Every structure is written in structure tokens, then in C-alpha cells.
Amino acid sequence: QVRLVESGGGSVQSGGSLRLSCAASGFTYSSYSMAWFRQAPGKEREGVATIDSDSTTRYADSAEGRFTISRDNSKNTLQLQMNRLKPEDTAIYYCAADPYFRSAVAGIGGPFDWNYWGQGTQVTVSS
């Protein structure tokens, strides 16, 4: 079955960097669109960045210019490089996958557009 396992979260000071990873298994990874979402306490889950099977990427305005999403189809992994982190980036970050969604057409989409989810990894940015 589809399995997504995030890692790389932690605590960092404002202005610092973190690199999140997502290990995928149980499906044909290269043919799926992948995404990072996040959810802060008391807030709705929101899209951060997506990457389609053809490596087309999309970013939320809040992530543009600071975050970089990438995928390694040879290792079935997804990464999110986060630079110049801010306290408002504090959230649980989730990896998501879907075989049909194409962000090149529909943008990042919402949580209901993505079929498979990891358990999340906590990112805390202190000021």
C-alpha cells in the first residue's frame, strides 16, 4: 500500500534553514504528483509546494523564493529545502501524493485534491 514517511523536521531560529524529506513506497512514484502541505495550530491545512511527475513545480506565495521542492525518482524521495525560515512557518509539514492531480493545470490545490498523506513532521521556528 502507499506509504509516505516524512523526516527532517526540528527547531530552528528565525533566518535558519531546514531540509525535509519524504520517503515513498508502495506505488509507482515517478508517475505521481507530490506535494508538501503544512498545518499550524488552529489553522487549516495549506499547500506549500507541489511537483508533478514531469517536475513542474508550483509554490504558495508564502514559500516562493525561500523554499525549493525537488524529487529523486531513483530513490523514491521528495525534498523540501526551506531557507530564511520565519516564525510563521511553524507547523506540522505533510507529504502528499496523488496519481491524477496535476498542479501545472490546477495549481497547488487543497487537501481534498490529494489522495495519500504521510504522518507529518514538526517544524518550529523561534524568533
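The structure displayed is predicted, hence computed values, not measured ones. The first residue of the sequence shown is numbered 1, and numbering continues consecutively from there. Every heavy atom of this structure was used, including side-chain atoms; hydrogens, water molecules and symmetry mates were not.
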Looking at [X] and [Y], would you say the former's side chain and the latter's main chain have a donor-acceptor pair under 3.5 Å?
X    : Y    : result
E6   : Q119 : yes
T124 : S11  : no
N83  : F67  : no

What distance do [X] atom [atom1] and [Y] atom [atom2] have between them, rounded to the nearest 0.5 Å?
X   : Y   : atom1 : atom2 : answer
L78 : N73 : CG    : CG    : 10.0 Å
I69 : C22 : CD1   : SG    : 9.5 Å
L80 : R38 : CG    : CZ    : 9.5 Å
I51 : S33 : CD1   : OG    : 9.0 Å
T57 : R71 : OG1   : CZ    : 11.5 Å
D52 : M34 : CG    : CE    : 11.5 Å

For Y94, the other hydrophobic cluster members (4.5 Å side-chain criterion, sorted by chain and number) are F37, I92, F101, I108, W114, W117
Besides V5, the hydrophobic cluster formed by Ile, Leu, Val, Met, Phe, Trp and Tyr side chains linked at under 4.5 Å, directly or via other members, contains none
* Asked: Quick one: salt bridge (Lys or Arg N to Asp or Glu O under 4.0 Å) pairs with a partner in residues 53-62, sequence neighbours left out?
  ->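 Found none.
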inquiry  = Evaluate L18 against V123 for side chain to side chain contact (heavy atoms under 4.5 Å, CB included), listing each step before the verdict.
reply    = CA-CA 9 Å; L18 280 174; V123 171; 3.8 Å; yes
Quick test of your reading: applying side chain to side chain donor-acceptor pair (under 3.5 Å), list the pairs with at least one residue in residues 19-30, sequence neighbours left out, ordered by first then second residue.
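Sorted result for residues 19-30: R19-Q81.
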With a 3.5 Å cut-off and no angle check, do the side chains of T77 and Q79 form a donor-acceptor pair?
yes
S74 meets the side-chain contact (heavy atoms from CB on, under 4.5 Å) criterion, sequence neighbours left out, with D72
Residues that A23 engages under side-chain contact (heavy atoms from CB on, under 4.5 Å), provided they are two or more places apart:
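Once residues adjacent in sequence are excluded, A23 has no partner under the side-chain contact (heavy atoms from CB on, under 4.5 Å) criterion.
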Would you call [X] and [Y] a side-chain contact if the rule is heavy atoms closer than 4.5 Å?
X   : Y    : value
P99 : F27  : no
Q13 : S127 : no
Y59 : V48  : no

Shortest non-hydrogen pair, P87 vs S126, comes out as CG-C, 4.5 Å
* Report the C-alpha separation of T50 and T56 in whole Å, then their side-chain angles, then the decisive distance to 0.1 Å, and conclude whether the side chain to side chain contact (heavy atoms under 4.5 Å, CB included) test is met. => CA-CA 8 Å; T50 62; T56 299; over 6 Å; no
Original post:
Which is it for C95 and W36 under the side chain to side chain contact (heavy atoms under 4.5 Å, CB included) test, yes or no, and what are the steps along the way?
Top reply: CA-CA 5 Å; C95 172; W36 288 100; 4.1 Å; yes
Should the heavy atoms of other residues, nucleotides or ligands under 6.0 Å from CD of Q122 be counted, would the total exceed 12?
yes
